[in-house]
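So that the names make sense, note that chain A is the first sequence line, chain B the second, and so on, each numbered from 1.
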Amino acid sequence: MAEIRLQQLAHSYHNNPDSESDYALKTCDYLWEDGGAYALLGPSGCGKTTLLKIISGLLQPSQGKVLFDGVDVTAQSPRQRNIAQVFQFPVIYDAMSVYDNLAFPLRNRKLAAAAIDRRVQEVAEMLDLQANLKQRARGLSADLKQMISLGRGLVREDVSAILFDEPLTVIDPHLKFTLRRKLKQVHERYRHTLIYVTHDQGEALTFADQVAVMSEGTILQVGTPQQLFEKPVHRFLGHFIGSPGMNFLDCQVRQDEVVIDGHLMDGHPLRLADGIARRAGALTGRLELGVRPEFVRLCASAETNTVPVSVQEVQDLGNYQLVNVQCGKHMLKVKVVEAQDVQIGAAWLQFPADMTRLYNNGHLVE
Amino acid sequence: MNKIQNNKAWFLVLPVLLLVAFSAIIPLMTVVNYSVQDIFGPENRLWVGSEWFKEILADERLHGAFGRQLLFSALILLIEVPLGIAIALCMPVKGRWVSVCLILLALPLLVPFNVVGTIWQLFSRVDIGLGGRIIDALGFDYNYTASSFDAWITVLVMDVWHWTSLLVLLCYAGLLAIPEAYYQAASIDGASRWSVFRHIQLPRLANVLVIGVLLRFMDSFMIYAEPFVLTGGGPGNATTFLSQYLTTMAVGQFDLGPAAAFSLIYFLVILLSCWLFYTAVDHGSR
C-alpha cells in the first residue's frame, strides 16, 4: 500500500512532440493518498488509460516522475512496483484452472504453498468463485473470466495499489451493481489504494471517495462526488456530470448583480453569493451563468432572484418532471417534483444564489 | 402457405458430383481395378482377389520403407516445430525488418521441389559443393553418397531448410494475434519470460501448431521429389521412403498389381492418420 505522487508528469505518443496537442497527457502534478478509493473519470480518449499505464509502469512517461511513498519508481517495471491491474477485457491464462489463475501472481513471487492456498480461498470466497476453482478457465463466460481477472488483482495482500481500467465493461448490468459493492467492501477491509478508471459517471461517483475528472489530457477537477456536482470548476464538468447537464446562460455583470442576455432581462437582475459578481466585473471574455436543472425552481409568481420565463414543454419521467423553459434566448432544463402542477406558458424561474455559478471563458469564477 | 414439394434441386448437385467423379472416384477406381486383378492386356486379365494385398503386406522391403518413413516424419516434426516456434519468437514485431524477415523466410517455400533437391545435391557434394567442402575441411569424414548416416542428415537438413519457414510463418501470425493486454497482465503478475511462453504464448499457438503439424506430417509422409533428386533413395535403400518405393515398383518394375494394392494401403494410412489427428485435436479442445 502506498501513496502515489505524480511530479510534472506528461506523456506524448509522438517521438518529437512540438505542440500542446501532441501530448496525450499534459503536464500534471497529483497526489493519490495511501488507502484512498479514487476514480478517474473522463470521456473516451481523454488520456485516463495512458495515465493508468504510467502509474502501473506499462508505459514510460515522456517527462516527469512517478513516486510511490516518496521513492522514484519511474524507471521500475510493473513487477518491481508491485502493482495490480485489472483490464477492460478479461485476461485469463486459459490453459490453467481457475485456482491456478488466481494463484499465478503469488507463485511468481515464490510464496509458500499454504499461504497461496489461504489467499486463493479467501479471494474465491469474496468473489463467489469457490464452485469454479477446479474448472478450466477456458470455457467460462465473460462474466466469470472477468471475475478471475479481478481475483488476480486482489489476491496479493502487499500490493502498492490496485488499478482498474474500466473493469466492468463486459459484466452484466445486474452483476455490475453487486461487483461494485464487492469492490467497496474489499476496499473497506484491506484499505488498498484503489484507482478506478471509467467513463461512466454513475460508476465513478458510487465507487470512489475522490473523483478526478479528465478531459483532453488534463485533470480538470478532483473532488468528492458532491463537490463535482455542486461546484464544477469548468464548463466541461457541468455538462459531463449530471443528467441532464448544467444549464449555461450568457450574462453580463452590473455592479454586484448579474443580468442574463445583457439588456433583455434588464429589469430582473440576479444576485450571486459571496460577491462573486463584483469580482467578475474586472474580467474580460465570455461570462456565463451555470445552474443545474436540480437547483433552479419554477414558481408561479415573481419572488426574490427570479426571472420571467416561458414553459415550452413538460416531460413526465416517472419520478420527476423535466421541463423545458425559454429564458431570453436560451432554452433551459428544469427538474420539477411530480407533485407540482406545471402549465405551458408564462412562469418565473428562481436562481438560488448559493447554487448559481459564474463562468468566465469556461472557468469557474470564485 | 403450401409447401412446394419438388426434388428438382437435387439436379443442382450434379456438376459437383461429376467433378468429384472425374477428379477422385474414377482414378481411384482404376487403382482398385488393378489391385484385385492381374492384368496383362486389355483382353487378358485374371481375378486375383486379395492376393496382391497379402503379398505387399508381407513385403520386407516395404516394412523397411515404412519404418524409415515414420522415422523421417517424426524427426522432421521434432526439429521443425520447436525451431519454427523459436524463430517466430525472435522475429521483429514492427519496423522495416519485418518485411525483410518475411521475404527471406518465404523464399525456400517458393523453390520447386526438384530444384530444392538439385540445390542440395550440388551444395553437399564433397568435390565441388560449398557445404560439402566446408564440412570436409572441418575434418569430418562426410560423403552423403556413401554413408547412410550422412545421407540421412543431408535429407533432414534439406527438409528443415525447405519447410521450417512454413511453421515460422504460422507461429508468427499466431503470436501477433495475442492481444497486448496478455503481456501486460503477465508483467503485472510478475511472470518470468518462461512463464509468459508456457502459459500465454504456447496455449495461444496451439491452434496454428495443430495445422502446422498436420501439414508437415502429411507432406513429409508423402515426400518424393527432393530425396529422389538428392540421394535417389540411397546409399542402398537408406533413404528410400514410401513414395519412392512405390514408384520403383510401379514404374521401374511395372508390377502394377502390387503397386495398386500398395497405393490403396498408402492412401488409407494417410486418411487414417488424418482422422486420428483430427479426433485427438477435437477431443483435446473439449
Side-chain angles (χ1 to χ4, degrees), chain A residues 49 52-59 76-97 100-111 136-139 145-146 148-156 158-167 169-170, chain B residues 81-82 84-86 88-89 92-98 167 170-214 277-286:
Chain A
T49 300
L52 204 67
K53 280 186 181 167
I54 290 175
I55 296 175
S56 62
L58 291 170
L59 197 64
Q76 289 186 1
S77 70
R79 185 188 172 130
Q80 291 166 315
R81 295 184 191 193
N82 199 16
I83 211 136
Q85 184 168 354
V86 182
F87 296 85
Q88 184 169 10
F89 295 101
V91 177
I92 50 149
Y93 305 109
D94 27 7
M96 296 188 204
S97 69
D100 290 339
N101 258 281
L102 293 177
F104 191 60
L106 301 176
R107 286 190 182 143
N108 286 330
R109 285 174 173 79
K110 309 265 183 290
L111 259 70
R136 273 245 283 207
R138 178 181 288 160
K145 283 183 181 173
Q146 190 63 331
I148 297 169
S149 300
L150 219 58
R152 274 209 328 273
L154 299 174
V155 79
R156 278 182 282 145
D158 60 339
V159 283
S160 310
I162 309 179
L163 314 179
F164 300 92
D165 189 359
E166 311 201 22
T169 312
V170 293
Chain B
V81 172
I85 296 174
L89 285 172
V93 176
K94 53 186 169 190
R96 84 180 84 164
W97 287 106
V98 173
L167 285 155
L170 282 170
C171 291
Y172 184 63
L175 285 173
L176 286 188
I178 301 175
E180 191 56 30
Y182 280 82
Y183 296 113
Q184 297 178 341
S187 122
I188 279 163
D189 288 338
S192 60
R193 182 70 194 85
W194 167 250
S195 281
V196 170
F197 174 69
R198 170 74 189 75
H199 298 298
I200 297 173
Q201 290 172 325
L202 201 56
R204 303 217 139 226
L205 280 184
N207 286 333
V208 290
L209 280 179
V210 162
I211 295 174
V213 169
L214 182 66
F277 203 77
Y278 178 80
T279 315
V281 168
D282 198 42
H283 196 77
S285 70
R286 253 186 269 131

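Contacts with chain A were tallied for B/Ala206, B/Ala191, B/Pro203; B/Ala191 has the most, counting heavy-atom pairs under 4.5 Å. Ranked by heavy-atom pairs shorter than 4.5 Å toward chain B, the options A/Gln88, A/Gln80, A/Met96, A/Arg109 are led by A/Arg109.
Atom CG of A/Leu58 sits about 8.5 Å away from atom CD of B/Glu180, to the nearest 0.5 Å. Note: B/Ser187 OG to A/Arg81 CZ = 10.0 Å, rounded to the nearest 0.5 Å. Between the CD1 atom of B/Ile188 and the CG atom of A/Asn108 there is a distance of 12.5 Å, given to the nearest 0.5 Å. Separating the CD1 atom in A/Ile92 from the CD1 atom in B/Ile200 is a distance of 11.0 Å, to the nearest 0.5 Å.
When heavy atoms are compared at a cutoff of 4.5 Å, A/Arg107 does not approach chain B at all.
Of all the heavy atoms in A/Phe104 and B/His199, the pair that sits closest is CE1-CD2, 3.6 Å.
In the displayed structure, A/Lys53 atom NZ is contacted under 6.0 Å by at most 12 heavy atoms of other residues, nucleotides or ligands. Within 6.0 Å of atom CZ in B/Arg198, 12 or fewer heavy atoms from other residues, nucleotides or ligands are found, so the atom counts as exposed in its surroundings.
Using modelled atom types, no side-chain atom of A/Arg79 and backbone atom of B/Ala186 make a donor-acceptor pair closer than 3.5 Å.
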